[in-house]
Amino acid sequence: MLTERELQRYDRQMMIYGFGDEGQEKLKKAKVFIAGAGGLGSPIAIYLAVAGIGTIRIVDHDTVELSNLNRQVLHQDENIGGEKAASAVAKLQKLNPDVRIEAISETITDDNASQLVADSDLIVDAMDNLPTRYLLNRTAIQKGIPFFHGAVYGFEGRAMTVIPGKSACLNCVYHGAAVPREKFPVIGVTPAVIGCIQATEVIKYITGLGELLTNRLLNYDALSMKFTEFKVNRDPTCEHCGNLQSG
Amino acid sequence: MSVEIALSSIFARYSDNQLNIKVEGNTVGECFKDLFRQHPNLEKMLMTREGKLQRAYDIYINGESTYPREMTKPVKDGDKLNIVFIIYGG
C-alpha cells in the first residue's frame, strides 16, 4: 500500500500509461542487487532509488579516490579515502529516505556471491572487470533471476538484459573470452547513459512494461552518436546457461 | 563482393580516422585481408601472430554473430561487418 507521501512523490511516473499505483507498488516491493558503486553503479542506484525501488542492496569493496570523481557521482571530494559503500548509502538515503538502502563493503567472490545476492529479485551488473561479470551472470542463472548487463570504455558502452532460460546470457555473447584487466579510459557521460539504460530495463522488468533488451546487445558509440543492435542467441553449449531448458 | 566494415571509434587512430571502410572479398577473412592492405596498423590490433582473430573481438555480419567460424564465413555484396570488442569497464 502506498502512503500519501509516496503517492505525491511518484505522481508523475504513475501517470505513465500502464504504470499507475500497481506499477509503483511493484517497485516498492522489489529488492534489487547492484554489483558496484562506481561509474555505472552510481546512475543505476540513483535512478532506482528516486524511482522508489523498495530495497536496494549495493556492494563495492573499494574506497573513493580523487580519480573516481569524473564519473562516480555517488561520491564527492569529502568522501575521498572512505568506503564507497558508506558514501553510496549516505547519498542515496538523502535522495530518497523512503527506500531501504543496504550498502556492503565487500569483494564479490565465488564463495560469497550467492550469499550477497541473497533473496534479491534481480542483479544489476555495474562491475569493472570481466571475471566478476561472468560470476554474477552464472549466479543469476543458478538463482533463476534476471541479470542486467552494462559496460563502458571511453565514449562507448554496451547493455543487455538476460532472462535465465529464456534469452542469451553474457557467456553466450562472449563465450568465456578473457581480456587482460587494465586501467580503462572513460568519461562520466558514458556510464551515465549506459547506467540509465540498465536502470530503465530494471524498471520495465519489474513493472512489466515494454519490450526488454533481450537477445540484443546494444552498442552505444557516443563519438558517432549511434546506437547499434547486435542479435545474440542462446548458445546450447554455453557453460553457464546451456543446461537450462528454454522457457 | 563489396562489403562495408564498420569500426568502433576506438580504432580511429589505426585507420586514419576512417570508421566505415569499403573492402572486397568473398569471406570475412578475405575482407579482413583487404582491410589490412588499406590500413596495416589494424592487423596487429585485431589478429594474433598465428593469423587468428584475437579473443577480445567478435564479428557480426548485418547484426548477426559469425561465431565460431568468423574468418571462413561467406559474405555477399552489400553486407555490413561490425568488429565488436569486449568491454568490461564500469
Side-chain angles (χ1 to χ4, degrees), chain A residues 35-42 44 60 71-72 125-134 149-158 168 170 172-186 190-191 194-195 216-217 219 221-226 228-233 235 237, chain B residues 3-22 28 31 39 42 44-76 78-90:
Chain A
L40 285 169
S42 292
I44 293 166
D60 199 307
R71 63 196 185 282
Q72 301 186 13
D125 170 18
M127 290 310 301
D128 61 356
N129 68 88
L130 205 48
T132 314
R133 291 177 182 282
Y134 283 135
H149 167 68
V152 292
Y153 185 98
F155 273 102
E156 219 162 302
R158 298 252 167 86
L170 189 66
C172 294
V173 178
Y174 291 138
H175 315 288
V179 289
R181 189 176 177 180
E182 292 165 349
K183 187 173 162 183
F184 60 91
V186 65
T190 309
I194 297 299
R216 296 179 285 150
L217 181 67
N219 190 74
D221 187 342
L223 290 180
S224 57
M225 201 42 89
K226 279 183 186 164
T228 310
E229 267 187 29
F230 299 109
K231 192 177 170 195
V232 288
N233 296 311
D235 176 359
T237 66
Chain B
V3 168
E4 182 184 324
I5 296 187
L7 297 173
S8 150
S9 306
I10 66 151
F11 293 116
R13 72 181 83 169
Y14 307 105
S15 63
D16 303 322
N17 288 316
Q18 288 185 57
L19 297 177
N20 293 287
I21 299 164
K22 289 273 182 208
V28 172
C31 291
H39 300 285
L42 284 171
K44 269 189 283 182
M45 283 292 297
L46 296 173
M47 309 302 283
T48 64
R49 283 185 195 159
E50 295 74 36
K52 288 187 174 166
L53 185 70
Q54 298 217 28
R55 288 207 71 191
Y57 301 100
D58 278 318
I59 300 164
Y60 287 79
I61 301 176
N62 303 325
E64 302 232 12
S65 175
T66 60
Y67 185 83
R69 285 200 296 276
E70 291 95 342
M71 289 300 158
T72 54
K73 198 94 176 172
V75 293
K76 57 184 191 309
D79 276 351
K80 185 171 184 176
L81 258 67
N82 283 88
I83 300 170
V84 175
F85 66 105
I86 296 174
I87 59 176
Y88 57 82

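Naming: A, B, ... by sequence-line order, numbering from 1 per chain.
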As an exercise, state the distance from [atom1] of [X] to [atom2] of [Y], rounded to the nearest 0.5 Å.
X	Y	atom1	atom2	result
A:Ser42	A:Asp60	OG	CG	9.0 Å
B:Lys73	B:Leu81	NZ	CG	11.0 Å
A:Lys183	A:Asp128	NZ	CG	13.5 Å

message = Determine whether a donor-acceptor pair (N or O, by modelled atom type, separation under 3.5 Å) exists between the side chain of A:Tyr134 and the backbone of A:Ala177.
response =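 Indeed, once roles are kept as given, a pair shorter than 3.5 Å links the two residues.
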inquiry  = For A:Val232, is there any backbone N or O sitting under 3.5 Å from a side-chain donor or acceptor partner on B:Ser65?
reply    =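 Side chain of B:Ser65 to backbone of A:Val232, a donor-acceptor pair under 3.5 Å: no, none is there.
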Under 4.5 Å from any heavy atom of chain B - which part of [X]:
X	value
A:Arg158	both
A:Glu156	both
A:Pro185	neither
A:Tyr153	both
A:Gln72	neither

inquiry  = Please classify the contact of B:Ile10 with chain A as side chain, backbone, both or neither, using a heavy-atom distance under 4.5 Å.
reply    =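 Its backbone and side chain both get close to chain A.
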key: chain A contact via B:Phe85 - which portion, at a heavy-atom distance below 4.5 Å   =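 Contact with chain A: backbone and side chain both.
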query = In terms of the angle between their ring planes, are B:Tyr60 and A:Phe230 parallel, tilted or perpendicular, with boundaries placed at 30° and 60°?
reply =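 Taking A:Phe230 first and then B:Tyr60, their aromatic rings sit tilted (interplane angle of 30° to 60°).
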task = Just give me the residue among A:Glu229, A:Arg216, A:Arg181 that pairs up with chain B most often, heavy atom to heavy atom, under 4.5 Å.
result =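 So the answer, after comparing A:Glu229, A:Arg216, A:Arg181, is A:Arg181.
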